[in-house]
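These notes concern the structure reproduced below.
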Amino acid sequence: MNKLEKMNDEHHAETFSSKILKWFNQHGRTHLPWQQQITPYRVWVSEIMLQQTQVSTVIPYFLKFMSAFPVLEALAGASIDDVLFYWSGLGYYSRARNLHLAAQKLQTLYPNELPKEVEQWVQLPGIGLSTAGAIVSISFDLPAIVLDGNIKRVLIRHFLLPGYPEQAALKKQLYSIAATLLPQLNGRNYSQAMMDLGAMICTKREPKCTECPIQTNCQAYIQHLQTQYPMVKPKKPIPKLSAKWLILLNKHHEILIQKVIDLKLWNQLWVFPEWPADKTMKDMRIQCQVNTLLILKKLPVFRHHFTHFSLDIEPIFAFTEDQLSKIEQNQQWDSTQWRWVSLNQPIHLGMPLPVKKLWVQLVQTDLSSIRHQAIKEAIQ
DNA sequence: AAATCGGGGAA
DNA sequence: TTCCCAGATTT
């Protein structure tokens, strides 16, 4: 840096953060739902929803969630079934369970006003360092470090940092760099600006470097390596699994659903009884605690994709002649785990998306005609 | 350090 | 199809 540049640097102070903030004032997003009526509660909920989930997906969920639980007290006082109902289809359901739990903790620990320290927020379930930084900076307009996927990409390219973003060493390096860049003022806009820059300009594919406010200092751009960074970790092939789902209809035109308990996937959500390949029909009958079980129709197999595996689902439509009372007399019966639900009235319970979709399909189907048809065929 | 958790949307 | 997105938690 020559003398003139140094003088210019000192007097006009075109720092990293000032360029970012200036860009944000002209191009940043300011009309997202959680950017209106900013409160720590609303910011917190939005940040949890936005973990691993794109903005456009989150918006309708955020609006409905806020209508149902407008303030912390409403969320803390709600049932987990109710919370999961509003989360249904959004995925990563542990986020909703942690959100609910954290709401209750917050109410106890901070009855008057929510905390302003990152250290206090990270102690709550579901809140890591980055999310805590986002909550504090955006809620209170304080300086706090956010390091989401977007910001990591901006910094990795800008400083041409080698390694995978998942690696602890790189993460540590990123926090250190982020701390030196963090301005003492405009914490809210700076956090938002960095995220917007990553989402709108410094995109994964085809970054719009010519529109970037920090283009001239970006090492990746200077060396034409912007598409090579961040480095991509090699991925493993995903396994394919299959399962059968039992859609059991009773005499009262109700369907049997089961609450998933103590499983890693879809814990506490309501699903159709699942039938693993190694189980017999008798096992299924026992599992569902019914004496009679008549298979009416096998519905077409459909595939559901997860990040780490795919699942082929074969829905089996069946009928039981058991009286409802008989089933409920069973000592094993637990109404918190099993429920007969009428197809006609919408259920206020959490269901994962493939269950939700199948449910909608069933509502539109004339089940009794299928039942009569199947019985007729059986007789012939 | 690696695995795990869901679903949407872009290309 | 494949990849990845405002990550955190468990193993």
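When the C1' atom of C:dG7 is taken as reference, atom CG of A:Asn98 falls 12 Å away, rounded to whole Å. Taking atom NZ of residue A:Lys204 and atom P of nucleotide C:dA6, one finds them 12 Å apart after rounding to whole Å. Distance, A:Arg205 CZ to C:dT2 P: 13 Å, rounded to whole Å. The separation between A:Lys235 atom NZ and C:dC4 atom C1' is 7 Å, rounded to whole Å. The CE-P distance, from A:Met194 to C:dA6, rounds to 13 Å in whole Å. Taking atom CD on A:Gln123 and atom C1' on C:dT9, their separation rounds to 16 Å, with Å as the unit.
Contacts between residues 150-174 of chain A and DNA chain C, defined by a heavy-atom separation under 4.0 Å, are made by A:Asn150, A:Arg153. Listed by residue number, the members of residues 84-91 of chain A with any heavy atom below 4.0 angstrom from DNA chain B are A:Gly89, A:Gly91. DNA chain B lies under 4.0 Å from no heavy atom of any residue of residues 133-146 of chain A. Residues from residues 32-55 of chain A placing a heavy atom under 4.0 Å of any atom in DNA chain B, listed by number, are A:Gln52, A:Thr53, A:Gln54.
Under the side chain to side chain contact (heavy atoms under 4.5 Å, CB included) rule, A:Pro273 has a single partner from A:Leu256, A:Ile247, A:Leu248, which is A:Leu256.
In this structure, A:Tyr86 contributes its side chain and A:Phe62 its backbone to no donor-acceptor pair below 3.5 Å. In this structure, the side chain of A:Arg157 does not engage the main chain of A:Ala220 through any donor-acceptor pair within 3.5 Å. Remark: the backbone N or O of A:Glu254 is paired with a side-chain donor or acceptor of A:Asn250 at under 3.5 angstrom. A:Gln167 places a side-chain N or O within 3.5 Å of a backbone atom of A:Tyr164 that can act as its donor or acceptor partner. A distance-only check finds a donor-acceptor pair linking the side chain of A:Asp196 to the backbone of A:Arg29 [under 3.5 Å]. Panel note: side chain A:Ser191, backbone A:Arg188; no donor-acceptor pair is recorded below 3.5 Å.
If you check every strand for non-hydrogen atoms under 4.0 Å, A:Tyr92 touches a base. Note on A:Thr131: only backbone sugar-phosphate atoms sit closer than 4.0 angstrom, heavy atoms only; bases stay farther off. Note on A:Ile127: only backbone sugar-phosphate atoms sit closer than 4.0 angstrom, heavy atoms only; bases stay farther off.
When DNA chain B is scanned 5' to 3' for any atom under 4.0 Å from a heavy atom of chain A, the first and last hits are B:dA1 to B:dA11.
For A:Lys297, the NZ atom is loosely surrounded, since the number of other residues' heavy atoms within 6.0 Å does not exceed 12. Heavy atoms of other residues, nucleotides or ligands lying less than 6.0 angstrom from CD of A:Gln36 number more than 12.
Under 4.0 Å is where a charged nitrogen must lie from a carboxylate oxygen, and between A:Lys251 and A:Asp322 no such pair does.
B:dT4 sits 24 Å from C:dA6 when the P atoms are compared, rounded to a whole Å. Comparing the same atom, P, in B:dG6 and in C:dT11 gives a spacing of 15 Å after rounding to whole Å.
Residues satisfying the salt bridge (charged side-chain N to carboxylate O under 4.0 Å, His left out) test with A:Asp312, not counting sequence neighbours, are A:Arg303.
Under a cutoff of 6.0 Å and an axis angle of 45°, A:Arg371 and A:Phe319 form a cation-pi pair.
No side-chain donor from either of A:Ser79 and A:Asp82 sits under 3.5 Å from a side-chain acceptor of the other. When only modelled atom types and interatomic distance are considered, A:Gln228 and A:Gln223 share no side-chain donor-acceptor pair under 3.5 Å.
Between A:His304 and A:Trp266, the ring planes are tilted. Angles from 30° to 60° get that label. Ring geometry for A:Trp44 against A:Trp121 counts as tilted: the plane angle lies between 30° and 60°, on a 0 to 90° scale.
Between A:Ser56 and A:Arg97, the residue whose closest nucleotide on DNA chain B is further toward the 5' end is A:Arg97. With DNA chain B read from its 5' end, the first of the two nearest nucleotides for A:His308 and A:Glu206 is the one closest to A:His308.
Using a 4.5 Å heavy-atom threshold, the side chains of A:Cys202 and A:Asn150 count as separate.
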